[in-house]
There are 2 protein chains.
Amino acid sequence: MRPEPNLTHLMRHVLKNHRFHVDRLIRDYDVFPGQPPLLLRLSDNDGLSQRELADSKGVKPATLTVMLQRMEKTGLLRRSADEKDQRVSRVHLTDKGRRAAEAVRQAMDEVETRCFEGFLPEEKLLLRRFLLHMQDNLASWSPDES
Amino acid sequence: MRPEPNLTHLMRHVLKNHRFHVDRLIRDYDVFPGQPPLLLRLSDNDGLSQRELADSKGVKPATLTVMLQRMEKTGLLRRSADEKDQRVSRVHLTDKGRRAAEAVRQAMDEVETRCFEGFLPEEKLLLRRFLLHMQDNLASWSPDES
DNA sequence: ATATTATAGTTAGCCGACTAACTATTTTAT
DNA sequence: ATAAAATAGTTAGTCGGCTAACTATAATAT
């Protein structure tokens, strides 16, 4: 009666659980569920443009605009126009943003550690290979064919 | 400069791509991105309660209520009160819903096939084992410890 | 038998994601 | 040099997910 859930369904379940734990660990920093990757990216590379951030996160510019507006409102970052190209706006972390990013980094590390407890290094490598293989299969599937 | 993306980040990427392809294949059936699993579940098991559906999909009842309202409006399903327990409402696919479910099943099969092209059966088993291991690690992590 | 508690759904309001249509600026072509 | 095309962001509207607060019905306890 309970059909074996397929692999992608299982993956979704795992990721939901993963996100839940990360959120739980940083809920005191005004950081919302989609923001951790952004904070880490900015912490590694201050002053990126919104376009670069969107590409980096694999998200549409419209999505990013709204997220950044919220994060600016909660004081995690500020935006300033690029001097040479008035179209682009560059994003900088505030002090609060840097503290949040540090907390996020710790939380992500902790969850990642827990998540892969009991994995051998070669198993993690194998998992990475599988994921890259899947990614390659899906990305190279042009919408035209069958 | 480009840090190795961690495994969960990679997983998110793969799933986004997966969902994109499923959506592409069923966009002519009034079926929106979160609805495929629901349609399949109902197609296998008509007349489930909302509670059962929510648990099955791993989603909060409030989320389901809104999704079902939309799907009822587009004519994919209808709801009726249980006779024995007036609190529960049972969900049934319409003919249109059954046709959509069939299309979804085909689309999912096709994407799943593409996704795992070049995988050996034992590799898929290994991947499942890894995911269950991760799921177990995360699910057994009580919020209290560390 | 009544009062309490538990369960099923709903509503409201938020965040994250998308597309489509828009503005503003910079490049490129003619 | 001016017109056309490309690029960066924004806005509006929708779907999917959540939490919190609510209603209605059923089950339990005293």
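Each chain gets a letter, A, B and so on, in the order the sequences are listed, and its residues count up from 1. Keep in mind that what you see is a predicted model, and the values were worked out from it rather than measured.
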Using a 4.0 Å cut-off on protein heavy atoms (strictly under), produce a 5'-to-3' string for nucleotides 11-20 of chain D with B for base contact, S for backbone-only sugar-phosphate contact, and - for none.
B---BSBBBB
What is the distance, rounded to the nearest whole Å, between atom CD of B:Q50 and atom P of C:dT7?
17 Å
Select base, sugar-phosphate, or nothing to describe what B:R90 touches, counting heavy atoms under 4.0 Å on all strands.
nothing
On a heavy-atom basis, which atom in A:H9 and which in B:S56 lie closest, and how many Å separate them?
NE2-O, 4.3 Å
Just to verify, what does A:D30 make a salt bridge (charged side-chain N to carboxylate O under 4.0 Å, His left out) with, not counting sequence neighbours?
A:K96
Between side-chain atoms of residues 116-123 of chain A and protein atoms elsewhere (two or more places apart, or another chain), which donor-acceptor pairs fall under 3.5 Å?
from: A:E123; atom 1: OE1; to: A:L120; atom 2: N; distance (Å): 2.8

Hey, are A:R90 and A:E52 close enough for a salt bridge, meaning a charged N less than 4.0 Å from a carboxylate O?
yes
Is a salt bridge present between B:D55 and B:R51, judged by a nitrogen-to-oxygen distance below 4.0 Å?
yes
Does the protein touch nucleotides 23-28 of chain C at the base, only the backbone, or not at all? Give it as B, S and - per nucleotide, heavy atoms under 4.0 Å.
--BS--
Does atom NE2 (A:H13) have a neighbourhood of more than 12 heavy atoms from anything else shown, all under 6.0 Å?
no
Under 4.0 Å between a Lys/Arg side-chain N and an Asp/Glu carboxylate O for A:D44 and A:R105?
yes
Rounded to 10°, tell me the angle between the two end axes of the helix from C:dA1-D:dT30 to C:dT30-D:dA1, each built from five pairs.
10°
What does A:R12 touch in the nucleic acid at a heavy-atom separation under 4.0 angstrom: a base, only the sugar-phosphate, or nothing?
nothing
Across all chains, not counting sequence neighbours, the salt bridge (charged side-chain N to carboxylate O under 4.0 Å, His left out) partners of A:D85 are A:R87
Tell me whether B:E72 is salt-bridged to B:R78, with the criterion being a basic N under 4.0 Å from an acidic carboxylate O.
no
What is the distance, to the nearest angstrom, from the CG atom on A:L68 to the P atom on C:dA17?
11 Å
Taking every heavy atom of A:F130 against every heavy atom of B:L126, the minimum-distance pair comes out as CE1-CB, 4.2 Å
